[in-house]
Engineer: 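Just dropping this structure here.
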There are 2 protein chains.
Amino acid sequence: MSKQELAVLGQDSDSGTCCPALLTTPLDEGQAGELAKVFKALGDPVRLRLLSMIASRAGGEVCVCDLTPAFDLSQPTISHHLKLLRQAGLIDCERRGTWVYYWLLPEMVDRLAAILTRPAGEALPTPAEAAGASA
Amino acid sequence: MSKQELAVLGQDSDSGTCCPALLTTPLDEGQAGELAKVFKALGDPVRLRLLSMIASRAGGEVCVCDLTPAFDLSQPTISHHLKLLRQAGLIDCERRGTWVYYWLLPEMVDRLAAILTRPAGEALPTPAEAAGASA
DNA sequence: AGGTGGAATTGACGGACGTCGATACAACCA
DNA sequence: TGGTTGTATCGACGTCCGTCAATTCCACCT
């Protein structure tokens, strides 16, 4: 149950490129496809709230029984969304007795943050102005 | 043509919360809905490549005529994807003579990066281990 | 063994999304 | 003015996605 995430974005050293450089180099098709899967998982309000509830939990993990009642949705629907988040590599889970607990996988979130972080002193002199937005 | 982005995520100071804290506080429905729109825009390989091509451009802007031939898709389809990226507030454009130029809106990318960046010394003692991943 | 309660899977349905061809619009040029 | 080229919009079509009710699976408890 803990081995369903997809190995994306050159995790450690197998694919060569550590974190595809979205903002500085044109993404190739393969990278774009993998990255899109993760962003697509984030592209739903319910999944975002689920992820947020899991990530912001003090102990680091949440019981499904605490997540489901927070939504006006059926239990299978919540289970479905959790599965998608897990397949995107954003969370993982474990059954402990009767209940199932979910927790955040910080590596994937960190990778996304890095991908969306612009290099510090880049040669980008406010491109919006350069386009003539003043007039 | 330059006023179609959606005003999301408490841009400067009107909505109170600067950058919804995805990872430290449970997102409310409104925030989740707005954020999901942006991530949904990133959840497509073609749009990711378009955004990457635009963001990584030296001059800061790209002509549509340079983007379209890079894909094996029809011209209306590319135009459609560019529109979605623009509505998500990720890019903007301007017609200059015969051609239309697109550029990145760094503010939105920065906001997403901030949302996905975990607070430095957070009380998260490797939650994956605490769950019993060692056994 | 049988029963109970929590969570995942299955199958079905309606709406959203990506794609295209055809068309409309805008700017340049002869 | 009419023709040409670049870009956006429209309408349609097939597929994917979010949702549910029904069912199955799993662990616990008599």
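This structure is a prediction, so every number in the text was calculated from the model and none was measured. Below, read A as the first sequence line, B as the second, and so on, with proteins coming before strands; counting in each chain starts at 1.
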Engineer: For B:Arg96 and D:dG6, give me the distance from atom CZ to atom C1', rounded to whole Å.
Structural biologist: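 Those two atoms, CZ and C1', are 15 Å apart.
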Engineer: Please state whether the phosphate of C:dT19, meaning OP1 or OP2, lies under 4.0 angstrom from any side-chain nitrogen or oxygen of B:Thr77.
Structural biologist: no
Engineer: Could you tell me the separation between the CH2 atom of B:Trp99 and the P atom of D:dA8, rounded to a whole number of Å?
Structural biologist: 14 Å
Engineer: If you take all heavy atoms of A:Ala41 and A:Ala88, which pair is closest and at what distance?
Structural biologist: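 The pair with the smallest heavy-atom distance is CB-CB, 3.6 Å.
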Engineer: Mind calculating the distance between NZ (A:Lys37) and C1' (D:dC17) to the nearest angstrom?
Structural biologist: 16 Å
Engineer: What's the closest nucleotide to the B:Val100 side chain, out of C:dT19, D:dT19, D:dA8?
Structural biologist: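 Of the options given, the side chain of B:Val100 lies nearest D:dA8.
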Engineer: Measure CZ/B:Arg95 against C1'/D:dA8 and give the value in whole Å, please.
Structural biologist: 8 Å
Engineer: Does A:Arg47 place a side-chain N or O at less than 4.0 Å from the phosphate oxygens OP1/OP2 of D:dG18?
Structural biologist: yes
Engineer: Which value, rounded to the nearest 0.5 Å, describes the distance between B:Leu67 atom CG and B:His81 atom NE2?
Structural biologist: 12.5 Å
Engineer: Kindly indicate whether the side chain of A:Arg86, heavy atoms from C-beta on, has any atom under 4.5 Å from the side chain of A:Leu82.
Structural biologist: no
Engineer: Remember a base hit wins even if backbone is also touched, and classify B:Leu84 as base, sugar-phosphate or nothing at under 4.0 Å, heavy atoms.
Structural biologist: sugar-phosphate
Engineer: Take A:Ser74 and B:Cys63, find for each the nucleotide of DNA chain D with the closest heavy atom, and name the residue whose nucleotide sits nearer the 5' end.
Structural biologist: B:Cys63
Engineer: Atom NZ of B:Lys40 and atom P of D:dC16: how far apart are they, to the nearest Å?
Structural biologist: 17 Å
Engineer: Examine distances only and state if a side-chain atom of B:Arg57 and a backbone atom of B:Trp103 form a donor-acceptor pair shorter than 3.5 Å.
Structural biologist: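 No, because the side chain of B:Arg57 does not come within donor-acceptor range (under 3.5 Å) of the backbone of B:Trp103.
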Engineer: Quick one: is C:dT19 close enough that its OP1 or OP2 comes under 4.0 Å of any side-chain N or O from B:His81?
Structural biologist: yes
Engineer: Where each residue is assigned the nucleotide of DNA chain D containing its nearest heavy atom, which of B:Cys65 and A:Asp72 is assigned the position nearer the 5′ end?
Structural biologist: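 Counting from the 5' end, the first nearest nucleotide belongs to B:Cys65.
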Engineer: Quick one: label A:Leu82 by what it contacts on the DNA or RNA (base, sugar-phosphate, nothing), any heavy atom closer than 4.0 Å.
Structural biologist: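 Nothing, no nucleic acid heavy atom in range.
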Engineer: Answer yes or no: does a side-chain N or O of A:Lys83 lie under 4.0 Å from OP1 or OP2 of C:dA8?
Structural biologist: no
Engineer: Touch check for B:Phe71, heavy atoms < 4.0 angstrom, all strands: base, sugar-phosphate only, or nothing?
Structural biologist: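 No contact at all - B:Phe71 keeps every heavy atom at 4.0 Å or more from the nucleic acid.
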Engineer: Could you check how far OH of A:Tyr101 sits from P of C:dA7, rounded to whole Å?
Structural biologist: 9 Å
Engineer: Strictly below 4.0 Å: does A:Thr98 bring a side-chain N or O up to OP1 or OP2 of D:dC28?
Structural biologist: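 False: A:Thr98 side-chain N/O out of range (4.0 Å or more) of D:dC28 OP1/OP2.
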Engineer: Would B:Phe39 and A:Arg47 satisfy side chain to side chain contact (heavy atoms under 4.5 Å, CB included), going step by step from the backbone distance to the final call?
Structural biologist: CA-CA 11 Å; B:Phe39 280 126; A:Arg47 288 195 290 272; over 6 Å; no
Engineer: Compare the minimum distances between each of C:dT19, D:dT19, D:dA8 and the side chain of B:His80, then state the nucleotide with the smallest one.
Structural biologist: C:dT19
Engineer: Taking CD1 from B:Ile78 and P from D:dG6, how many angstroms apart are they, rounded to a whole number?
Structural biologist: 16 Å
Engineer: Rounding to a whole Å, what distance do you find between B:Asp44:CG and C:dG18:P?
Structural biologist: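 B:Asp44 atom CG is separated from C:dG18 atom P by 5 Å.
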